[in-house]
**Q** 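Before I ask anything, let me first share the structure, which is written out below as structure tokens.
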There are 2 protein chains.
Amino acid sequence: MDEHQQRLTSYLAAFIDELVGNGVDEVVISPGSRSTPLALLFTHHPGVKTYINVDERSAAFFGLGIAKAKKKPVAILCTSGTAAANYYPAVIEARYAKVPLIVLTADRPHELREVGAPQAINQLDLYGRHVKWSVDMALPESSPGILQYAKASAARGAGLSLSAPAGPVHFNFPIREPLIPSLDEELFSNTRSEKRVVGGVRGLSSEMRDNLISVLREKQKGLIICGPGLDPAAINSIMDFAEHHGLPIFADPLSQLRSGDHSKVNVIEAYDAFLKIEEVKKVFRPELIIRFGAMPVSKPLTLFLKGLSDVPYWVVSGGEEWQDPIAKATDFIYCDEKLFCMDLKTGSANKESGWLQQWKSINDIARNILQTGDQPWNEGKAVKQLIEQLPDGASIFASNSMPIRDIDTFFFNREGGVSVHANRGANGIDGVVSTALGMSTGNTPMYLLIGDLAFFHDLNGLLVAKKYGLDINIVVMNNNGGGIFSFLPQASDGTYFEELFGTPMDLDFSSAAAFYGAHYSLVREESEFSDALKNAEQHEGIKIIEVLTNREENVANHRKLWNFVSQEIAGKLKGNAL
Amino acid sequence: MDEHQQRLTSYLAAFIDELVGNGVDEVVISPGSRSTPLALLFTHHPGVKTYINVDERSAAFFGLGIAKAKKKPVAILCTSGTAAANYYPAVIEARYAKVPLIVLTADRPHELREVGAPQAINQLDLYGRHVKWSVDMALPESSPGILQYAKASAARGAGLSLSAPAGPVHFNFPIREPLIPSLDEELFSNTRSEKRVVGGVRGLSSEMRDNLISVLREKQKGLIICGPGLDPAAINSIMDFAEHHGLPIFADPLSQLRSGDHSKVNVIEAYDAFLKIEEVKKVFRPELIIRFGAMPVSKPLTLFLKGLSDVPYWVVSGGEEWQDPIAKATDFIYCDEKLFCMDLKTGSANKESGWLQQWKSINDIARNILQTGDQPWNEGKAVKQLIEQLPDGASIFASNSMPIRDIDTFFFNREGGVSVHANRGANGIDGVVSTALGMSTGNTPMYLLIGDLAFFHDLNGLLVAKKYGLDINIVVMNNNGGGIFSFLPQASDGTYFEELFGTPMDLDFSSAAAFYGAHYSLVREESEFSDALKNAEQHEGIKIIEVLTNREENVANHRKLWNFVSQEIAGKLKGNAL
């Protein structure tokens, strides 16, 4: 081992070993030359699970999916140049969805920067404001001080990626040729970390608490809103808090409150349907809003909140965020959600008030119609059927655009634990397949609900599933284009609509299935769907169920169902039958 | 038309109209909601050609390809969020390859920024240091002053994208709902621009010229190197300059000097083969190097230049660049290449010196062996055959990694104009299919030579070809993985090699062809290739010719051929037969 190889090996091994010691034990590698020493050392580390994913855009979303499923930082590694730029969409999603991600890019050494060297771009701050920390690492050296620096950087990055709000951290590694480390010696310490970060949680001082409790006492008609991204460890405390104060919880499907072992007595899930009704919004006026997590998907809920005035609106989050798209929040409470609920589960209880009961009644009516109402076969009905057939313990990943909205409508409270996921950081339709596949490594039966556009966008993501035999059931709603646009004002004036927004692709996904060795079935009508789902469960690997639907009918059917809910509830309200 | 719609319409129409007036008359649109008014107004403009491309990564490379083919700025338009981040790889390629690109991203208005609004990310300076200019535009207004500002920004951006060195410019447009402009009125001025940029070119002062001429007189054994990206308008002047001074030109295939109507008397094209020979490098010692364009692809040429000492090395470029990866350049001459050559075609001519003749003799031997030598069927031979069969007037786009290197070896001087292209800004293997398709809109027969990894990476790019019936012949060298790594030191120590670098994907591209409605043929042996090429020419649309090759054999065959060249030339040098 020459001096160069010795420096290269000890420096990068120290960094990797400390990363692993701090819990970063899965890495998604995209092949390349400059990243060779890092790739080899990760692969050589006995405590690391590696995945190879040749398309860096998919690779980054795949890493994001693993991190989401396992709630730990995951590393992604690529070579220099535009390879690293392909990570950008997933890095941004990780930032906004608060997912810990360790982004490792190999770079040319300083003397080859900005001089026209091949595959060399300016990689300093490559991800701009979208990472929590970006470090241009020193060139490899092997003095004790520099090895400490490498270890400290790894521990610090891993810790930072996890501290609230969690997010991506970027390390750029300049590396000189030759790029081959020595794998002969004892390089790793069996994942015993030298340094670690213990991230404390924020609580309320007694003065803060007393202030908040006095408001709670005064404003008895409170409403809890649980959005995507709230801390899963807080769920039971939120339930206890809500029960104690007799508060209804409007729970977004991504809050994970609609399903699981916890009590769901206070959980209201059909608000998207009944908050479309003007009478409801007039009659039910909350005096206090308390939100955990991001804003829910539901547009009617957003409009309802927007219509309130002079109502205290608390946004509780563990990190210093400002999540208030409708500018209605009055108090930003930076406090761990669980501690907040435990601290405020005190004072006079409110259990017997009619407030909660009224919401539950109206919710029951809406849910009952959505659940049992007579509907023609369409996307909504298919989603409802899919959810009903999901086995306990399954995960369902919903693409953005229509799928997450249909899940919001048709995912009702259930006992068996089914977790619901989506990329709601930046709500992109990119990387959805890869993120779901990353999550599928968490060993729960995985279902992906996705439209044809988003499925097409990340078809490349399927290669990793083929390579590693990952198991996933993909339901593709093929309405031949951008279905959601048919719900927007763009559709009413037809000029250029089909060309710019409908964007029919006329793709037959059976050949894509063949390309990736997937099991494929086509669903043309209602009777075929249930069997197709059951059939997919009998197979292993990638299962694609393509459901042919129609954009115009879909809009009409959705609107019909919502109208029916409106009429029923408006009628009961008029007759004082609630 | 209400006030909002009036502001929205007049402001965005003014911007677009001025862009068009400044030559930006093609736009690649990726569907989205926030970008609706820009998309509608572009589509409505009578002077604009629009393309719809749903995957933003491919869309941006497609736009880059159009700009490369037509040597004019092309606009790309997408919605807010990660959609815009998908542009990043192509934006970076445009920066380093000096391609004018107008990047238009729609954004939420200021009150919806950084507050957790859906599909809203921080888009300010989204592309960091990789654009020449990034503007966060004002919100739509319709006062005369603001319409002037919109027009000035458009003209300035278009001008800046073209001025040396050309590159990408980014406009971020915050837009409020409702997003529908009025298309009823007279909005456009028939593409008469109000403002325009006239970019001057840099010349030499007489003092500078005299200095350079005196060096030219003193150092008679000069060598001209023409790399990728030199100004095509300078080619004839470079030829005249070289002829006048009796200087050989080492011409990279991407310099466009190896083919076309100009004289090729001084053009040496087989240097990659003969500069592998130590004896050649010892015997032929240039006294002066003059380079136009970026560093050529050839590694032996790079090593040859690196081995020179105390040799003046001029790098001539029209913009202020520092393209010197081997740190051997002595003079950076910021001057238009054509003006430089015209100014310095003076002083004593050097036509009869043996210097040029020696290089030509050795070049003839090397080319002759490469051209006629007996080779087993392999990737190199296939590339040679492909080039021989290219019709005059065709364009060939070479992917990075092995294809561009094989083209460097086997593309010999020819009369009929065949232009050679590649993405050599950042040398990525991403976006290659889309860039070639973008170039195919330039109406020359288009051939793409690509490996299986790069082809897979940008398969999505084919959708635009299907949609618009673009015509392209794609030769996929399928060696089942990353062929170039077999040439690198990583291959010699086999540990983890196949897993990390070989990355076999075991893909059968016939199903991918079916998915995109492409004409497909499989070539397993030599006898099938020529017919497959001829057959492809008989069809329209996407034609995929998959050539199955073997990585190990390919390395062995390449090395064998190079050895043969070495032996022949080394022998002649020893016998003084040159």
Side-chain angles (χ1 to χ4, degrees), chain A residues 29 31 33 36 39-40 43 52 54-55 57 81-83 85-86 88-89 92-93 96 111-112 114-119 121-122 125-126 128-129 178 180 183 294-295 322-325 327 426-428 430 453 456-457 463 482 488-490 493 495-496 499-501 503 505 507 511-512 514-515, chain B residues 29 31 33 36 39-40 43 52 54-55 57 81-83 85-86 88-89 92-93 96 111-112 114-119 121-122 125-126 128-129 178 180 183 294-295 322-325 327 426-428 430 453 456-457 463 482 488-490 493 495-496 499-501 503 505 507 511-512 514-515:
Chain A
I29 299 174
S33 179
T36 294
L40 285 171
T43 309
I52 307 296
V54 298
D55 180 339
R57 179 172 69 178
T82 50
N86 280 276
Y88 207 14
I92 292 174
E93 174 61 22
Y96 288 95
E111 64 275 18
L112 291 179
E114 298 287 282
V115 291
Q119 216 175 312
I121 66 170
N122 188 337
D125 291 324
L126 189 65
R129 302 165 200 194
I180 314 291
L183 303 179
M295 277 293 282
W322 194 275
Q323 292 228 315
D324 183 27
N427 300 6
D430 45 352
L453 263 176
F456 168 77
H457 209 289
L463 187 59
L488 298 180
Q490 283 90 320
D493 175 0
T495 321
Y496 309 124
E499 181 183 349
L500 285 176
F501 303 103
T503 55
M505 299 192 296
L507 291 174
S511 350
F515 187 58
Chain B
I29 299 174
S33 179
T36 295
L40 285 171
T43 309
I52 307 296
V54 298
D55 181 338
R57 180 173 67 177
T82 50
N86 279 276
Y88 207 14
I92 292 174
E93 174 60 22
Y96 288 95
E111 65 275 17
L112 290 179
E114 299 287 282
V115 291
Q119 216 176 311
I121 66 169
N122 187 338
D125 291 323
L126 188 66
R129 300 165 202 194
I180 314 291
L183 303 179
M295 278 292 282
W322 195 275
Q323 291 227 317
D324 184 27
N427 299 6
D430 45 351
L453 264 175
F456 169 77
H457 208 289
L463 187 59
L488 298 180
Q490 284 90 320
D493 175 359
T495 322
Y496 309 124
E499 180 183 349
L500 285 176
F501 303 104
T503 54
M505 300 192 296
L507 291 174
S511 352
F515 187 57

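What's counted below: heavy atoms across the whole structure, side chains too, no hydrogens, waters or symmetry copies. What you see is a predicted model; the values in this text were computed from it and never measured. In what follows, chains carry the letters A, B, and so on, assigned in the order in which the sequence lines appear, proteins first and then strands, with residues in each chain numbered from 1.
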**Q** Assess whether side chain to side chain contact (heavy atoms under 4.5 Å, CB included) is satisfied between A:Met505 and B:Val54, documenting all intermediate values.
**A** CA-CA 9 Å; A:Met505 299 192 296; B:Val54 298; 4.0 Å; yes
**Q** For the candidates A:Ile52, A:Ile29, A:Asp430, which exhibits the highest count of non-hydrogen atom pairs separated by less than 4.5 Å from chain B?
**A** A:Asp430
**Q** What's the shortest heavy-atom distance between B:Pro325 and A:Gly116, and which atoms?
**A** CG-O, 3.8 Å
**Q** Below 4.5 Å, heavy atoms only, C-beta onward: do A:His457 and B:Asn86 meet side chain to side chain?
**A** yes
**Q** If I take atom OH from residue B:Tyr496 and atom CG from residue A:Leu40, how far apart are they, to the nearest 0.5 angstrom?
**A**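 CG of A:Leu40 is found 8.0 Å from OH of B:Tyr496.
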**Q** Assess the residue pair A:Arg129 and B:Asp125 against the criterion (salt bridge (charged side-chain N to carboxylate O under 4.0 Å, His left out)); give the C-alpha distance rounded to whole Å, side-chain angles, the decisive distance to 0.1 Å, and a yes or no.
**A** CA-CA 9 Å; A:Arg129 302 165 200 194; B:Asp125 291 323; 3.2 Å; yes
**Q** Counting heavy-atom pairs closer than 4.5 Å to chain A, which one of B:Glu93, B:Glu499, B:Met295 comes out on top?
**A** B:Glu499
**Q** Quick check on the interface: out of B:Pro31, B:Gly128, B:Pro89, who has the most heavy-atom pairs with chain A under 4.5 Å?
**A** B:Pro89
**Q** Grab the two heavy atoms, one from A:Gly428 and one from B:Thr82, that are nearest each other, plus how far apart they are.
**A** CA-OG1, 3.6 Å
**Q** Quick one: are A:Leu507 and B:Leu463 in side-chain contact, heavy atoms under 4.5 Å?
**A**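 Side-chain contact under 4.5 Å: yes.
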**Q** Between B:Asn122 and A:Tyr96, is any pair of side-chain heavy atoms under 4.5 Å apart?
**A**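 Heavy-atom side-chain distance check passes, below 4.5 Å.
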**Q** Among the options A:Gly81, A:Ala426, A:Pro178, A:Ala294, pick out the one with the most heavy-atom pairs lying under 4.5 Å from chain B.
**A** A:Ala426
**Q** Is B:Ala327 in contact with chain A via its backbone, its side chain, both, or neither, using a 4.5 Å heavy-atom distance?
**A** neither
**Q** Within this structure, what is the CG-CG distance for the pair B:Asp55 and A:Leu453, rounded to the nearest 0.5 Å?
**A**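 Interatomic distance, B:Asp55 CG to A:Leu453 CG, rounded to 0.5 Å: 10.5 Å.
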**Q** Which atom names give the shortest non-hydrogen contact between B:Ala85 and A:Tyr88, and what distance separates them?
**A**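 Closest pair (atom of B:Ala85, atom of A:Tyr88, distance): CB-CD2, 3.9 Å.
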**Q** Considering only heavy atoms, which portion of B:Leu112 lies under 4.5 Å from any heavy atom of chain A: side chain, backbone, both, or neither?
**A** side chain
**Q** Side-chain contact test, heavy atoms from C-beta onward, threshold under 4.5 Å: evaluate it for A:Ile92 versus B:Leu126 and give yes or no.
**A**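 In short, these two side chains touch, coming nearer than 4.5 Å.
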